[in-house]
Amino acid sequence: MSKIVVVGANHAGTACVNKILATYGDKNEVVVFDQNSNISFLGCGMALWIGKQISGPEGLFYASKESLEEAGAKVYMNSPVESVDYDKKEVHVLLDGKTKHVESYDKLIFATGSTPILPPIKGAEIVPGNREFKATLENLQFVKLYQNSEEVINKLNANPDIKRVAVVGAGYIGVELAEAFERLGKEVTVVDIVDTCLAGYYDPEFSDLMKKNLEDHGIKLAFGQKVEAIEGDGKVERLITDKETFDVDMVVLAVGFRPNTALGDGKIELFRNGAFLVNKKQETSIKDVYAIGDCATVYDNAVGDTNYIALASNAVRTGLVAALNAGGNGDVVESAGVQGSNGICIYDLKMVSTGLTLEKAKRFGYNAAVTEYTDLQKPEFIEHDNHEVKIKIVYDKDSRVILGAQIASKEDISMGIHLFSLAIQEKVTIEKLALTDIFFLPHFNKPYNYITMAALSAKE
Ligand SMILES: Cc1cc2nc3c(=O)[nH]c(=O)nc-3n(C[C@H](O)[C@H](O)[C@H](O)COP(=O)(O)OP(=O)(O)OC[C@H]3O[C@@H](n4cnc5c(N)ncnc54)[C@H](O)[C@@H]3O)c2cc1C
Ligand SMILES: NC(=O)C1=CN([C@@H]2O[C@H](COP(=O)(O)OP(=O)(O)OC[C@H]3O[C@@H](n4cnc5c(N)ncnc54)[C@H](O)[C@@H]3O)[C@@H](O)[C@H]2O)C=CC1
């Protein structure tokens with residue numbers, strides 16, 4: 001029997017533990033430590049819960065200490081791992097947050113995830129040592145854990161005076177929460193340091209669709225502004241940027257994640273943003289130590305290099321790869337890499353993207369070009385539920401290989417992006433895509449559908 005210790009049991013850890021036990025349960029003892037009291041909270045449901053689009057949080061969990069134990073793991077919750085002795089192969093844990101405990105391992109898997117970034121803003125501080133990102137100023141909220149969303153909801157319920165909410169960061173969490181607060185009738189302002197929203201995922205004309213969508217719903221946008229201070233007498237009263245001052249009752253900070261890799265303690269090689277640098281087998285620079293999910297790097301097929309992309313989808317897949325490598329008999333499974341495929345739905349606007357935007361492709365040194373197309377989803381004779389779709393494909397002019405794609409519509413166009421994800425992974429050219437077999441049925445699409453048409457329209 002080999003002993004595998006897994007630190008962190010959220011999306012990456014849970015996927016990994018279940019896979020080890022399902023595939024190689026007879027060969028491995030699995031011991032899991034998590035510092036939180038719950039596991040598997042789907043952050044994607046946070047905005048739906050806050051905005052009352054779902055009735056409660058119960059369905060936002062898909063695993064528990066009990067379900068992992070039923071699968072055969074030994075699970076300790078509320079138990080932070082405080083340090084690791086890599087020479088002796090031991091982890092040092094505070095069981096139940098109280099009792100010191102040492103656990104030996106043959107293989108160690110870090111699934112310690114990420115923490116919200118705290119930018120240098122005067123007045124924005126986390127209570128020292130607090131693991132739930134509680135701010136010293138009342139009504140300044142971080143949004144990562146189940147407990148964070150519960151706290152926001154409890155505060156909104158208990159204080160109807162919280163009427164004006166500022167969301168800092170117009171990335172995925174920021175725009176989702178802006179919608180949620182607006183649905184509750186709050187006066188919402190979204191602040192971002194760059195002059196647009198969703199800049200990491202879309203080129204300007206797609207971000208503009210989302211900007212208009214937010215503004216059409218009465219959400220105020222304060223883009224291109226740097227937050228300098230959050231002020232108030234014990235609780236939030238003002239948000240001050242380099243351009244304006246906003247009188248607000250609550251501020252939510254959502255400016256991205258930082259990998260949680262303190263346990264590496266300077267002994268494990270890190271990526272430029274501090275993530276554990278792993279190879280395609282999820283191995284770190286120390287033998288028998290693996291890292292998965294938000295604490296680790298991924299191999300990004302669009303840039304052909306290592307990258308950092310914090311997504312639950314990557315967490316699950318990297319967890320599966322590590323499970324097969326750490327749990328098996330020397331089997332070697334390599335990740336196929338990722339494209340950073342992602343999607344968002346705000347009110348009825350749906351946007352999906354994968355790979356590189358034009359701006360990013362140029363930044364990464366590609367001789368990039370784009371081809372774009374806008375059309376109805378279905379033939380004109382379908383008079384109802386037939387919306388316009390906008391598509392943009394980014395490709396490399398030299399190799400002709402597809403580098404990225406963005407699609408936006410009121411239609412559910414989400415499935416289309418998987419085709420582009422695979423195309424980037426498999427290095428499909430724009431010419432090959434133009435002749436790819438795409439079925440036609442008027443209930444779904446057009447014979448000359450927008451994917452084919454965009455690819456056929458590639459000029460450069
Ligand atoms: C509001 C919100 C919405 C999101 N929506 C989406 C979405 O729609 N789609 C998507 O793909 N992604 C989404 N994400 C991102 C996604 O949640 C993360 O990528 C995912 O949680 C990463 O999983 P993970 O298991 O690697 O890390 P984490 O979720 O960060 O989990 C890390 C775990 O490690 C534990 N841990 C950390 N340090 C220690 C220690 N020293 N000892 C013991 N335990 C420790 C923590 O308690 C935690 O349980 C969203 C995130 C948020 C916050
Ligand atoms: N639908 C999905 O797939 C979702 C995915 N996630 C993932 O969770 C992670 C965290 O999400 P987010 O926090 O929204 O990160 P993000 O990376 O999506 O967005 C961060 C935003 O904050 C802005 N910003 C950075 N520093 C700032 C500062 N000092 N002041 C003001 N604005 C600043 C950036 O310009 C950016 O618009 C991301 O990896 C995201 O992809 C989160 C929610 C939904």
Side-chain angles (χ1 to χ4, degrees), residues 5-16 32-50 60 76-84 91-94 110-121 124 131-132 142-146 148-149 167-177 180 190-201 207 222-228 241-242 252-263 291-296 308-316 318-319 340-346 351-353:
V5 168
V6 180
V7 187
N10 212 25
H11 303 303
T14 296
C16 185
V32 184
F33 299 101
D34 198 296
Q35 66 188 15
N36 203 349
S37 54
N38 60 73
I39 57 174
S40 82
F41 174 61
L42 287 165
C44 56
M46 185 183 285
L48 296 172
W49 182 25
I50 292 175
L60 299 178
Y76 298 92
M77 301 303 295
N78 300 302
S79 300
V81 171
E82 296 192 309
S83 62
V84 180
V91 297
H92 295 243
V93 194
L94 208 52
F110 282 125
T112 46
S114 57
T115 55
I117 292 175
L118 171 56
I121 297 172
R131 290 207 174 86
E132 293 178 4
F142 291 87
V143 278
K144 166 85 187 175
L145 306 175
Y146 163 74
N148 302 143
S149 23
V167 179
V168 181
Y172 268 167
I173 295 181
V175 296
E176 286 183 347
L177 288 180
V190 185
V191 186
D192 202 291
I193 200 159
V194 301
D195 65 359
T196 188
C197 57
L198 306 180
Y201 311 91
S207 294
F223 291 165
Q225 302 201 21
K226 184 167 188 274
V227 179
E228 295 187 329
T241 75
D242 55 350
V252 176
L253 281 182
V255 299
F257 289 169
R258 172 168 291 135
N260 180 15
T261 54
L263 292 173
I292 56 179
D294 278 10
C295 68
Y308 182 74
I309 306 176
L311 284 172
S313 43
N314 294 345
V316 169
T318 54
S341 304
N342 63 83
I344 188 96
C345 177
I346 302 294
M351 291 176 43
V352 288
S353 81

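Computation of the quantities below employed the complete heavy-atom set of this structure, encompassing side-chain atoms and omitting hydrogens, waters and symmetry-equivalent molecules. Order of appearance sets the numbers: ligands from 1, and atoms from 1 within every ligand.
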Ligand 1 to Asn38 polar contact by distance, N or O atoms, under 3.5 Å: no

Atom 8 (O) of ligand 2: nearest protein contact (heavy atom, Å): Phe257 CE1, 3.6 Å

Ala111 N/O under 3.5 Å from ligand 1 N/O: yes

Protein heavy atom at shortest distance from atom 18 (O) of ligand 2: Tyr201 OH, 2.6 Å

Gln225, any N or O under 3.5 Å of ligand 2 N or O: no

Test item, Val143 contacting ligand 1 (heavy atom, 4.0 angstrom): yes

Contact check, Gly343 vs ligand 2, heavy-atom distance below 4.0 Å: yes

Top protein contact for atom 19 (O) of ligand 2, by heavy-atom distance: Gly171 CA, 3.2 Å

Closer than 4.0 Å: a protein non-hydrogen atom to atom 30 (O) of ligand 1: yes

Exam field: side chain Asp192 to backbone Cys197, donor-acceptor pair closer than 3.5 Å: no

Atoms in ligand 2 flagged as close to Leu311, the criterion being non-hydrogen separation under 4.0 Å: 3 (O), 5 (C), 41 (O)

Beyond-backbone contact of Asp294 with Asn260, side-chain heavy atoms, under 4.5 angstrom: no

Shortest heavy-atom approach to atom 33 (C) of ligand 2 - which of Ile344, Ile173, Val255: Val255

Non-hydrogen side-chain atoms of Ser207 and Phe223 separated by less than 4.5 Å: no

Geometric class of the Tyr146/Trp49 ring pair [parallel <30°, tilted 30-60°, perpendicular >60°]: parallel

Val93 and Tyr76, any side-chain heavy atoms less than 4.5 Å apart: no

Residue and atom name of the nearest protein heavy atom (relative to atom 23 (C) of ligand 2), distance in Å to one decimal: Asp192 OD2, 3.2 Å

Residue part near ligand 1, for Thr14, under 4.0 Å between non-hydrogen atoms: neither

Arg131 to Leu145 - nearest heavy-atom pair and separation: O-CD1, 3.9 Å

Contact partition for Ala315 relative to ligand 1, non-hydrogen atoms under 4.0 Å: side chain

Phe257 touching ligand 1 at heavy-atom level, < 4.0 angstrom: yes

Residue, atom name and distance, where the atom is the protein heavy atom closest to atom 25 (O) of ligand 1: Ala12 N, 2.9 Å

Proximity to ligand 2 by part of Lys226, non-hydrogen separation under 4.0 Å: neither

Part of Ala262 with heavy atoms under 4.0 Å of ligand 1, whether side chain, backbone, both or neither: neither

Proximal ligand 1 atoms for Gly113, defined as those under 4.0 Å from one of its heavy atoms: 26 (O), 27 (O), 28 (P), 30 (O), 32 (C)

Closest non-hydrogen atom pair, Ile292 against Ala12: CD1-O, 3.5 Å

Heavy-atom closest contact (Lys144 atom, Phe257 atom, distance): NZ-CE1, 3.8 Å

Within-cutoff protein neighbour (heavy atom, under 4.0 Å) for atom 50 (C) of ligand 1: no

Atom pair OG/CD of Ser79 and Gln35 - distance to nearest 0.5 Å: 10.0 Å

Proximity flag Cys295 to ligand 1, non-hydrogen atoms under 4.0 Å: no

Contact atoms of ligand 1, heavy-atom distance to Val7 under 4.0 Å: 40 (C), 42 (N), 43 (C)

Options Gly224, Gly256, Ala170, ranked by nearest heavy atom to atom 15 (O) of ligand 2, top entry: Gly256

Heavy-atom pair of closest approach, residues Gly343 and Val352: CA-CG1, 3.9 Å

Heavy-atom check, side chain of Glu176 versus side chain of Cys44, under 4.5 Å: no

Interfacing atoms of ligand 1 (cut-off 4.0 Å, heavy-atom, Leu263): 41 (N)

Enumerated ligand 1 atoms positioned under 4.0 Å from heavy atoms of Asn36: 47 (O)

Contact atoms of ligand 1, heavy-atom distance to Asp294 under 4.0 Å: 18 (C), 19 (O), 20 (C), 22 (C), 26 (O)

Asn314 and ligand 1 - part of the residue with a heavy-atom distance under 4.0 Å: neither

Location of contacts on Ile173 toward ligand 1, heavy atoms closer than 4.0 Å: side chain

Protein heavy atom at shortest distance from atom 16 (C) of ligand 1: Ala312 N, 3.7 Å

Test item: Asn342 and Ile309 side chains (from C-beta on) under 4.5 Å apart, heavy atoms: no

Atoms in ligand 1 with a heavy atom of Ser313 nearer than 4.0 Å: 11 (O)

contact_flag Val227 ligand 2 heavy-atom lt 4.0 Å: no

Side-chain heavy atoms of Phe142 within contact of Thr115, under 4.5 Å: no

Proximal ligand 1 atoms for Asn260, defined as those under 4.0 Å from one of its heavy atoms: 37 (C), 38 (N)

Any donor-acceptor N/O pair, Thr318 side chain to Gly293 backbone, under 3.5 Å: yes

Pairwise side-chain contact, Val175 with Val190, heavy-atom cut-off 4.5 Å (strictly under): no

Taking atom 43 (C) of ligand 1 as the reference point, the nearest protein heavy atom with its distance: Gln35 N, 3.3 Å

Sub-3.5 Å N/O-N/O distance, Gly13 and ligand 1: no

Heavy atom of the protein closest to atom 2 (C) of ligand 2 (residue, atom name, distance): Tyr172 CD1, 3.3 Å

Part of Met46 with heavy atoms under 4.0 Å of ligand 1, whether side chain, backbone, both or neither: side chain

Contact check, side chains of Leu311 and Ser341, non-hydrogen atoms, under 4.5 Å: no

Protein heavy atom at shortest distance from atom 7 (C) of ligand 1: Cys44 CB, 3.8 Å

Ala254 near ligand 2 by a heavy-atom separation under 4.0 Å: yes

Residue Gly43 vicinity, atoms of ligand 1 by number, heavy atom under 4.0 Å: 1 (C), 2 (C), 3 (C), 4 (C)

Given Asn10, Val6, Leu263, Val81, the one that forms side chain to side chain contact (heavy atoms under 4.5 Å, CB included) with Thr112: Leu263

His11-ligand 1 polar pair, N/O distance under 3.5 Å: yes

Flag, side chain of His11 to backbone of Phe41, donor-acceptor distance under 3.5 Å: yes

Under-4.0 Å heavy-atom contact with ligand 2, by part of Val168 that carries it: side chain

Distance from atom 32 (N) of ligand 2 to nearest protein heavy atom, with residue and atom: Ile193 N, 3.3 Å

Nearest neighbour of atom 39 (O) of ligand 2 from the list Ala310, Ala222, Pro119, on a heavy-atom basis: Ala310

